[in-house]
Undergrad: 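Take this structure, written in structure tokens, and hold onto it; I'll ask about it next.
Numbering starts at 1 and runs along the sequence shown.
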Amino acid sequence: MSAVTVTATTTLNGRIPNGNGKLETALNGYRKNGCVKQELTTSLQTAAPFSTDPIAIAERERCHYGRIPRAAALAGTAPRRVRVYSDGIYDMFHQGHARQLQQAKTVFPNVYLIVGVCSDSLTHSRKGRTVMTEDERYEAVRHCRYVDEVVRDAPWEYDEEFLDKHKIDFVAHDDIPYTTEDCEDTYAMIKAKDMFVATERTEGVSTSDIVARIVRDYDIYVRRNLARGYSAKELNVSFLNEKKFRLQNKMDELKDKGKKVMTNIGEKRVDILTKWEEKSRELIDAFLLLFGPDGRLSSIWNESKGRLMQALSQPPSPRSSPPPSENGDSHSHSPTHSILHFRGSASPPPPKSRRYETLWEAQADVSCSERVGESEASVQRQLTDDGSDSDDDYQDTSPYL
């Protein structure tokens, strides 16, 4: 019994036999007033049974087995449903597998599709290691909508006993010869009995292609599973590779955040341009006020420059006035004072670069003035050596006066 449930008349592939032995196309409908009413009644309620389940055994016992000729199967005149068998590994069940089973299901108008799935031990010895276990592959196939029954631990080669046990009318597979150690084509016997129907493979889709894709992008898938919570031990990844992959994940997260920011900016660029046009004049005026020729920055710079030059230049030394004489005259007529006054009035303030030379010359002038004063005092003593105590007692006895 199929896993497909229908309303009204039970049909397969949308065919309803009429009284003349011909098939009328009507998808699960019924005839009323000469018209076929269409209903959306097809639904999948349960998965396809295994060949050892009671429902599959009951279906097999109801079948009065006698191989249906190809012409009757194609014409849809067979007295029962045509039992078509298809087998395979069905590792990593994909759309290529589903399309192949769809072709097997629709090769004749009224088909009961039986699918055989090979076990792990047989597959590993004949074809190689699989990604999915045999139980996972069984479950994947029995949940395909085109499958009516699943045969577990299917054989690699066929014999009459297997065909009779499952009451197989035709075998559906692609037309590529499958060689073994014993024969050049596994389906040679089936083809000789005119029981073989060919299906087409889906180009560019196969389990080998998917495995090659995973191996090629190994780093990407390891990073994906690490990000989803798998441990390095579960992925058979070393400690250093784990750290490298996690760092790459962080970098990708940062890139994604940057892209989102740029996207948001792109969405708001119209508003930003409008606001910029509105504020552009204010920004230009503020810029000119600050950085223009008469701007605040130039004024601040000129003021700072003047203060800096004033601080670096040496101010002139103030001139010292001589002490007033006894006669109240502010100017002294002594020779020493005349010499010092002449020097003080004649020489300008020393430049900053000759500060030390000027100080040395001032000390030399002071020493010279002291010597001149001492000479005048000595002359005065010599003039008064006649024994008088003061200048008033001195009498000039020179004959020339």
Undergrad: Would you check if there is a donor-acceptor pair between the side chains of Tyr112 and Glu59 at a distance under 3.5 Å?
TA: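 No pair is found: no donor N or O on one side chain lies under 3.5 Å from an acceptor on the other.
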Undergrad: Let me see the working for Arg145 and Leu101 under side-chain contact (heavy atoms from CB on, under 4.5 Å), right down to the final yes or no.
TA: CA-CA 9 Å; Arg145 61 179 298 181; Leu101 295 178; over 6 Å; no
Undergrad: List the steps, then state whether side-chain contact (heavy atoms from CB on, under 4.5 Å) holds for His173 with Asp87.
TA: CA-CA 8 Å; His173 205 276; Asp87 64 346; 3.5 Å; yes
Undergrad: Using the six-membered ring wherever Trp is involved, compare the ring planes of Tyr85 and Phe162 and label them parallel, tilted or perpendicular (cut-offs 30° and 60°).
TA: perpendicular
Undergrad: Rounded to the nearest 0.5 Å, what's the gap from OG on Ser208 to NZ on Lys127? Could you check?
TA: 6.5 Å
Undergrad: If you draw the axis of the six-membered ring of Phe50, does the NZ or CZ of Arg152 fall within 45° of it and under 6.0 Å from the ring centre?
TA: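 So Arg152 does make the cation-pi contact.
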Undergrad: Would you say that Tyr138 contacts Ser119 through its side chain, given a criterion of any heavy-atom pair below 4.5 Å between the two side chains?
TA: yes
Undergrad: Measuring from atom NZ of Lys243 to atom CG of Leu226, what distance do you get when rounded to the nearest 0.5 angstrom?
TA: 10.0 Å
Undergrad: Does the side-chain contact (heavy atoms from CB on, under 4.5 Å) test come out yes or no for Cys144 and Tyr90, once each step is laid out?
TA: CA-CA 11 Å; Cys144 178; Tyr90 300 108; over 6 Å; no
Undergrad: For His124, give me all partners under ring-ring contact (aromatic ring centres under 6.0 Å, His included), at least two apart in sequence or on another chain.
TA: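 If we apply the ring-ring contact (aromatic ring centres under 6.0 Å, His included) test to His124, skipping adjacent residues, there are no hits.
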Undergrad: Is the shortest side-chain heavy-atom distance between Arg142 and Val115 below 4.5 Å?
TA: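 Counting from C-beta outward, Arg142 and Val115 never come under 4.5 Å.
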Undergrad: Measure the spacing between CG of Asp120 and CE of Met132 and express it to the nearest 0.5 Å.
TA: 10.5 Å
Undergrad: Is the shortest distance from a Lys or Arg side-chain nitrogen in Glu149 or Arg81 to a carboxylate oxygen in the other one below 4.0 Å?
TA: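 Salt bridge flag = no for Arg81 with Glu149.
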Undergrad: Please report the C-alpha distance between Ser86 and Gln100 in whole Å, then the side-chain angles of each, then the deciding distance to 0.1 Å, and finally whether the side-chain hydrogen bond (donor to acceptor under 3.5 Å, both in side chains) criterion is met.
TA: CA-CA 9 Å; Ser86 181; Gln100 187 266 335; 2.9 Å; yes
Undergrad: Do Asp169 and Phe108 make a side-chain contact, defined as non-hydrogen atoms from C-beta onward lying under 4.5 Å apart?
TA: no
Undergrad: Do we see a donor-acceptor contact under 3.5 Å between the side chains of Asp91 and Thr130?
TA: no
Undergrad: Strictly by ring pair (Phe, Tyr, Trp, His ring centres under 6.0 Å), give each pair with a member in residues 192-225 just once, sequence neighbours left out.
TA: Tyr187-Phe196
